[in-house]
Amino acid sequence: MNNQFWEVSGQMETKDQLEQELRRIEKWEKDQKSAWFWEKWSRLPFMLLDRLTPKVIQDKLAEGLGEVGRFLQTGGQYLVQRRSIFKRLERTHSLMGSGSEGSRATEPADGHDGGDGAGLTLAEAANLPLAVMDSVADELTASRAKLAAAQGATTGIGGVLTLAIDIPAVLGLSLKVLQEIAVCYGYDPRDEKERLFIVKCLQFASADIVGKKAVLDELGQFDGDHAPAQVMSQIQGWREVVQTYRDSFGWKKLFQLVPIAGILFGSISNKGTIEDVAEAGKMLYRKRRIVAKLHSERPDGEA
């Protein structure tokens with residue numbers, strides 16, 4: 001992942017630095033709206049895959065994808081343990097030489113008191129320097145992408161039979177890395193609202209140019225006064241998100257149907273998928289945290 005952002009050795013950012021980073025993210029968002037012409041064509045092979053895949057495997061695949069609905073409602077089997085991420089944040093913060101003084105929150109952030117035991121809490125994580133958050137998010141992304149590559153190589157051995165296992169597995173890993181990134185920036189995936197944001201990140205990463213613009217418009221109002229009721233009403237549309245995610249595999253998974261050769265295609269495909277999902281999650285959560293930091297710096301009564 002191209003890390004083009006400044007780092008200040010774990011020190012807290014100035015208002016000017018935050019505004020500069022916000023402008024960079026907004027430029028990234030505009031760049032995402034420029035899609036290659038072959039994106040739609042890359043979705044066509046799933047019509048062929050549906051014909052080639054036995055019904056019993058299709059049923060198993062649908063069952064795995066159905067976990068997204070359960071994730072939205074309760075978190076399901078995909079909820080991550082925050083404690084390990086808090087430890088990474090603490091270690092990185094210490095290594096960057098800033099210490100804990102002046103950057104640990106004294107009051108809960110985002111409505112959560114956080115914490116899974118002693119140590120850093122979610123509220124304190126939300127008040128860490130962006131450089132610390134970015135470093136841990138990048139570290140987790142690299143680790144999950146490596147895992148996805150190994151997983152893709154393994155499931156690429158058996159062609160169509162293992163493809164049914166691979167797609168739900170990549171989906172689960174995508175949900176996992178997005179939750180980890182959420183915690184890096186001080187947001188709690190145990191919150192139903194945050195799980196919706198995570199699924200929206202997933203949708204953004206796999207959507208075409210029209211879909212990306214629509215998701216950005218929705219997420220632009222995510223933390224507004226009237227946003228909770230509006231965004232929560234979209235939960236019923238999670239099946240569309242799953243379908244978009246599934247179709248986006250396109251030609252990559254069609255090549256993976258070839259036994260043995262699928263090892264290479266599966267490894268490259270899965271690694272790229274996780275990197276794309278993680279980049280979307282990092283940028284979108286990063287933007288929310290920057291906006292929140294800027295808002296907290298405004299004098300009382302300033303709009």
Side-chain angles (χ1 to χ4, degrees), residues 1 3 5 7 9-10 67-68 70-72 74-100 103-105 108-152 168-199 201-202 205 270-271 273-286 288-289 292:
M1 185 183 302
N3 189 355
F5 302 112
E7 292 188 358
S9 300
E67 282 294 325
V68 174
R70 288 186 281 277
F71 170 76
L72 276 171
T74 65
Q77 64 176 315
Y78 295 122
L79 276 181
V80 298
Q81 295 296 319
R82 302 178 305 169
R83 170 83 346 242
S84 63
I85 304 170
F86 290 154
K87 288 181 178 179
R88 286 176 182 261
L89 289 167
E90 285 185 294
R91 181 176 67 250
T92 301
H93 193 201
S94 177
L95 290 173
M96 286 186 171
S98 66
S100 59
S103 62
R104 291 172 74 91
D110 307 307
H112 299 285
D113 57 6
D116 295 326
L120 193 74
T121 67
L122 188 73
E124 292 167 341
N127 283 274
L128 289 171
L130 277 175
V132 174
M133 299 175 176
D134 293 341
S135 178
V136 176
D138 289 341
E139 178 185 328
L140 288 166
T141 297
S143 173
R144 304 316 174 211
K146 183 177 181 180
L147 176 61
Q151 175 181 286
V170 175
L171 177 60
L173 190 55
S174 297
L175 291 174
K176 179 180 177 64
V177 73
L178 286 172
Q179 288 181 81
E180 291 173 333
I181 289 173
V183 176
C184 286
Y185 290 95
Y187 295 93
D188 191 353
R190 298 185 304 186
D191 187 325
E192 188 177 32
K193 177 183 175 182
E194 292 308 323
R195 294 200 297 274
L196 176 59
F197 190 90
I198 285 169
V199 172
C201 290
L202 189 67
N270 287 10
K271 181 176 184 290
T273 295
I274 296 302
E275 288 176 339
D276 290 345
V277 167
E279 179 185 27
K282 177 185 174 181
M283 299 299 275
L284 296 173
Y285 265 114
R286 196 173 195 270
R288 284 179 71 191
R289 182 50 61 203

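Keep in mind it's a predicted model, so treat the numbers as computed, not measured.
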Find out whether [X] and [Y] are in side-chain contact, i.e. whether some heavy atom of one side chain is under 4.5 Å from a heavy atom of the other.
X	Y	value
L175	L202	yes
L122	F86	yes
S135	M96	yes
Y187	K193	no
E124	L89	no
Y285	I198	yes
L128	L120	yes

Between [atom1] of [X] and [atom2] of [Y], what distance do you get to the nearest 0.5 Å?
X	Y	atom1	atom2	value
T121	N127	OG1	CG	9.0 Å
D191	L196	CG	CG	10.0 Å
Q179	Q81	CD	CD	10.0 Å
R286	D134	CZ	CG	4.0 Å
K282	M133	NZ	CE	12.0 Å
E180	S84	CD	OG	6.5 Å

Of all the heavy-atom pairs spanning [X] and [Y], show the shortest one and how long it is.
X	Y	answer
I274	S174	CD1-OG, 3.4 Å
V80	K176	CG1-CG, 3.7 Å
K271	A149	CB-CB, 4.0 Å
G281	C201	CA-SG, 4.1 Å

Look only at the side chain of [X] and the backbone of [Y], and say whether a donor-acceptor pair between them is shorter than 3.5 Å.
X	Y	answer
R144	V177	no
T141	A137	yes
S94	E90	no

* When you check the gap from the basic side-chain N to the acidic O, do R91 and E139 get nearer than 4.0 Å? ->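 Looking at R91 and E139, the cut-off is met.
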
